[in-house]
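Reviewing the structure listed below.
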Amino acid sequence: MPTLQPHSQYKRAARMFGLSLVMGAIGGLGAVLFLQMLDLAQTWLLGAIAHVHPLTIHQALSRDAIPAASHWNWWIPVSTTLGGLISGVLVYTFAPEAEGHGTDGAVKAYHQLGGYIRPRVILIKSIASAVTIGSGGVAGREGPTAQIAAGVGSLIGRLLHLSEDEKRLMVLTGMAAGLSAIFKSPLGTAIFAVEVLYSSMAFDGRALPFTLTSAAIGFAVVCLFTGWGSLFTVPPSVGFDNPVELVWYAILGIVSGLMAALLPTVFYRLRDGFRAIPLPNHIKPAIGGLIVGLLGMFVPQILAGGYGVMQLAVQGTVGVGVLFLLLLSVFKVLTLSLTIGSGGSGGVFAPSLFVGALLGVAMATLLQHLGVTDVPVAGLALVGMAAVFGGAARVPIATMVMVAEMTGGYKLMAPTMLAVVISYMLQVWLTRKARYPSLYEAQLEGPELSPVYKDDSTR
């Protein structure tokens, strides 16, 4: 990355600031459009075929337990298999790089491709992800939105003949804007976009002013269409005012660290297993979808993103036993890995939050059975969300801020900090010799390993 003269630096900064405003608006509008596509796909696939409608956040607010579901609905695997087939044919025919979990594609474009993402990825990723999730596939909507918005940033960078370094920055501003719009977390996603690049808590600080700008605009735009406020609703009583509770949060950090180490291991081993199957890639997502659907017949609560179940967790009204909570957590990890590892299209963020939330509730419920009556159930659920993903994805700082913004749970920042740090440090130690230490394969250990800085003599 060449060194610029002061005048050129100011000129480029002003240009990037203006483009960040534009990317924020595009990311917000793109998120609104993708959410509409997802609702439509879910109506016509999982809803029309299997008559299953995953619990929404709004519906969860009026419930006091996870809704029971009838088993042996053979139409569920029909829906998930069909969704996997449609997604696989689309992706592997037109844009193979659109498979997987989106954010990793954006990180790879930043480090290895000079900010280049093919324009067709924008359309293919949108459709394939909507179909995958809408048919019941276990994946999140944030990863696709990140790659879609990053792709738009890359395209605009080429149309304006920006330098390679500026195109990289456009990828990051697009990713921040899209994630901010999906999660309604402007500060957390702005940090996430520069923290997710590396697995060692390093940041690309020079991009932060621009990701902050685009994330702020993306948040404002999406709120105009979907309403203001946080993504989840946390009861006013949830807070932290008893230092003894830090013991439970510290234990949760250990449990979350174990899960955070397990997540990438299961995910990539299944991914590598599917890649080794001597069949056309086009049909592998259908195989993954079939297995997910068969598991979903027994526990349909794991299908799709699981936002409604997460809302029940953070409001403390899950209403099921420890064994079922653990079963849901394990099945979520397995079905996430099957959905995306087979070549399906979707994100890993929301399912990871789901696992963390239910682990927190499971631990709280177990403690209550052991006679500890003052355990903060909703608090442990909220902190578990941050601890599992913060460790598994190696993004502890961004995740703490994001979960606080997504839930409005700022009063739990101190225990969240403790649990996330414990989870992160344990995860790093447990995966120190692992082939896939993080959920994001394209992450590098630090800036010194990135081609972005290999020719920069000023660093």
Side-chain angles (χ1 to χ4, degrees), residues 76-109 111-113 118 121 124-125 128-129 131-133 135-140 143-144 147 199 259-297 302-303 330-349 351-352 355 392-394 427 430-445:
I76 291 177
V78 172
S79 175
T80 54
T81 304
L82 178 61
L85 181 61
I86 296 172
S87 175
V89 171
L90 275 174
V91 167
Y92 288 105
T93 300
F94 300 104
E97 65 269 40
E99 65 91 17
H101 50 101
T103 304
D104 217 38
V107 174
K108 181 179 180 181
H111 285 306
Q112 302 176 24
L113 305 178
R118 287 200 297 172
V121 170
I124 299 303
K125 188 70 177 181
S129 299
V131 168
T132 297
I133 303 169
S135 63
V138 180
Q147 190 174 20
S199 62
M259 179 59 76
L262 181 66
L263 251 173
T265 301
V266 174
F267 183 89
Y268 284 109
R269 283 190 178 179
L270 277 173
R271 193 278 308 269
D272 290 348
F274 271 100
R275 288 185 175 180
I277 297 176
L279 291 173
N281 288 332
H282 300 67
I283 65 173
K284 290 180 182 178
I287 299 174
L290 173 61
I291 302 173
V292 168
L294 292 173
L295 293 173
M297 289 173 55
I302 63 171
L303 297 174
V330 171
F331 271 37
K332 196 73 171 182
V333 172
L334 182 59
T335 51
L336 164 66
S337 304
L338 288 166
T339 298
I340 303 178
S342 64
S345 186
V348 297
F349 201 135
S352 300
V355 173
R394 302 281 186 93
Q427 199 274 352
L430 289 174
T431 60
R432 63 194 183 280
K433 296 181 180 180
R435 182 178 180 184
Y436 303 110
S438 167
L439 269 178
Y440 295 112
E441 186 180 16
Q443 279 180 334
L444 298 179
E445 181 67 22

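Taking CG of Leu290 as the start and CG of Leu295 as the end, the distance is 9.5 Å to the nearest 0.5 Å. Within the model, atoms CG of Leu262 and OG of Ser337 stand 8.5 Å from one another, a figure rounded to the nearest 0.5 Å. Rounding to the nearest 0.5 Å gives a distance of 10.5 Å between CG of Leu279 and CZ of Phe274. Note: Leu439 CG to Phe349 CZ = 10.5 Å, rounded to the nearest 0.5 Å. In this structure, CG on Leu82 lies 6.5 Å from CG on Leu85, to the nearest 0.5 angstrom. Going from atom CD1 of Ile76 over to atom OG1 of Thr81 covers 11.5 Å, rounded to the nearest 0.5 Å.
Residues Leu334 and Leu270 share a closest heavy-atom pair of CD1-CD1, 3.9 Å. Gly296 approaches Leu303 most closely through the heavy-atom pair CA-CD2, 4.1 Å. Across all non-hydrogen atoms, the minimal contact from Val121 to Ala98 is CG1-CB, 4.4 Å. The nearest pair of heavy atoms linking Arg118 to Pro96 is NH2-CD, 3.9 Å. A pairwise comparison of heavy atoms in Gln443 and Ala393 identifies NE2-O, 3.0 Å as the closest pair. Closest heavy-atom contact between Pro264 and Pro437: CG-O, 3.9 Å.
By the ring pair (Phe, Tyr, Trp, His ring centres under 6.0 Å) test, Tyr268 is found to be paired with Tyr436, residues two or more places apart in sequence or in another chain being considered. Under the rule for a salt bridge (Lys or Arg N to Asp or Glu O under 4.0 Å), Arg269 has no partner lying at least two apart in sequence or in another chain. Every side-chain contact (heavy atoms from CB on, under 4.5 Å) that Glu99 has, sequence neighbours left out, goes to Val91, Tyr92, Arg275.
Although no hydrogens or angles enter the test, the distance criterion places no donor-acceptor pair under 3.5 Å between the side chain of Thr93 and the main chain of Leu90. Lys284 contributes no side-chain N or O that, together with a main-chain N or O of Gly343, makes up a donor-acceptor pair within less than 3.5 Å. Looking at Ser79, its side chain does come within 3.5 Å of a backbone N or O of Ser135 through a donor-acceptor pair.
Phe331 pairs with exactly one of Val355, Leu336, Ile302 by the side chain to side chain contact (heavy atoms under 4.5 Å, CB included) rule, that one being Ile302.
For the residue pair Thr132 and Ser87, a side-chain donor N or O sits within less than 3.5 Å of a side-chain acceptor on the partner.
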Is there a side chain to side chain contact (heavy atoms under 4.5 Å, CB included) between Arg394 and Gln427? Walk through the geometry before answering. CA-CA 9 Å; Arg394 302 281 186 93; Gln427 199 274 352; 2.6 Å; yes
Please lay out, stage by stage, how Arg271 and Glu441 fare under the test salt bridge (Lys or Arg N to Asp or Glu O under 4.0 Å). CA-CA 12 Å; Arg271 193 278 308 269; Glu441 186 180 16; 3.1 Å; yes
